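Numbers restart at 1 for each chain; the letters A, B, ... are given by sequence-line order, proteins then strands. Only a predicted model underlies this, so the values are computations on that prediction, with no experimental measurement involved.
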Number of protein chains: 2
Amino acid sequence: MLSKKAKYALQALLILAKEYEQGPILISNLAQRERIPRKFLELILLELKKHGILQSKKGKGGGYFLGKSPNAIYLGHVIRILDGPLAPLPCVSQTAYMKCEECQDEKTCGIRMVMKEVRDATARILDSTSLADMLKRVERLTKQQTTAPPHRR
Amino acid sequence: MLSKKAKYALQALLILAKEYEQGPILISNLAQRERIPRKFLELILLELKKHGILQSKKGKGGGYFLGKSPNAIYLGHVIRILDGPLAPLPCVSQTAYMKCEECQDEKTCGIRMVMKEVRDATARILDSTSLADMLKRVERLTKQQTTAPPHRR
DNA sequence: AATGTACTCTATCAATTTGATAGACTTAAT
DNA sequence: ATTAAGTCTATCAAATTGATAGAGTACATT
């Protein structure tokens with residue numbers, strides 16, 4: 001399950017990506033637009049800043065902006081920062097591997113085999129999808145919706 | 001993340017599958033062999049029984065056994081029983097859909113699109129892998145290991 | 001019918017995680 | 001100096017997770 005933290009993060013990042021290069025955006029602005037508790041969002045953005053996803057400027061005229069281009073920020077990275085490893089079991093995590101206690105032989109553990117598949121499938125998607133990719137998909141669909149003839153399914 | 005509950009369940013089921021048609025197995029036997037707290041395992045098995053995955057017999061000579069053939073029990077089913085929906089967000093769950101509050105337009109939500117992909121990839125794996133499949137894979141690898149020439153990587 | 005075995009059910013609990021809030025502090029622009 | 005805005009640390013309540021306890025019920029055997 002994606003935590004609220006990670007979900008809020010993605011919501012905020014999506015706005016920051018959409019308005020990339022239009023100068024810093026205020027926390028409170030982001031919080032209002034996405035209906036996120038403001039103080040809670042602060043913590044999230046701070047964490048993202050620590051990991052280079054965001055940069056910020058203090059004082060008047062300050063705010064947050066992306067630390068790198070929207071096509072260089074991958075969902076996998078963001079989610080790992082806020083929710084930890086993508087893997088369903090620590091013993092199949094690439095970024096935070098940990099041996100299962102009491103697993104006699106990791107190589108022949110059936111549960112592990114399947115969970116590794118799940119981890120790989122998840123990572124394949126989230127580590128290849130950037131904020132820019134998401135935006136593109138949203139725009140394509142939004143345009144389609146307004147352009148499409150009525151009464152379609 | 002897979003909970004301990006679900007992991008314990010799969011461990012126990014794997015044994016019950018391996019020894020399918022050899023009569024009921026005691027909770028305490030399963031608990032010992034997999035080093036699972038016995039009372040905790042009771043709850044898990046009971047839950048699986050409620051959902052038809054297991055059957056049981058009380059009294060002397062009793063114990064638990066699979067409610068259907070190992071090739072008809074899918075990991076997706078087991079995990080959903082113990083951990084709830086596979087989907088990272090309720091709004092992309094097939095089995096427990098719930099609208100996000102405050103999502104203006106579900107159809108054009110970028111986060112949702114990607115999470116739907118993740119859910120589908122996960123479900124594709126877990127809903128197509130049965131206990132029998134897992135067993136087969138384990139056996140294949142176990143045999144390989146003992147048969148393979150030494151000093152290989 | 002009595003006994004013992006083994007699953008069943010309900011309650012409870014401690015620890016952890018999650019989502020959220022509060023307030024003092026620092027930096028920068030005017 | 002003043003005001004705007006991010007930073008940092010602490011704290012909290014609620015929910016979830018992992019686990020334990022004990023009384024109850026069904027069944028087989030003698």
What's the closest nucleotide to the side chain of B/L46 if the choices are C/dA11, D/dT7, C/dT8? C/dT8

Per A/E42 side chain, nearest of listed nucleotides D/dA19, C/dA29, D/dT7: D/dT7

Closer than 4.0 Å, any side-chain N/O of B/K49 to the OP1 or OP2 of C/dT8? yes

Which of C/dA11, D/dG22, C/dA20 is nearest the side chain of A/L43? It is C/dA20

With the side chain defined as heavy atoms from C-beta on, A/S56 is closest, among D/dT7, D/dG18, C/dC7, to D/dT7

Among D/dA28, D/dA26, D/dT7, which nucleotide sits nearest the side chain of A/Y64? D/dT7

Of residues 32-40 of chain B, the positions that come close to DNA chain D - non-hydrogen atoms, cut-off under 4.0 Å: B/P37, B/K39, B/F40

Go through C/dA29, C/dT8, D/dA19 for me and flag the one nearest to the A/K60 side chain. C/dA29

Hey, which sits more toward the 5' end of DNA chain D by its nearest nucleotide, B/K57 or A/I27? A/I27

A/G59 or A/Y8: which one's nearest nucleotide on DNA chain C is closer to the 5' end? A/Y8

Whole-Å distance between D/dC8 P and A/I44 CD1? 16 Å

By nearest atom, which of the nucleotides C/dA29, C/dT10, C/dC7 is closest to the B/K58 side chain? C/dC7

To the nearest Å, how far apart are A/M1 CE and D/dA15 P? 15 Å

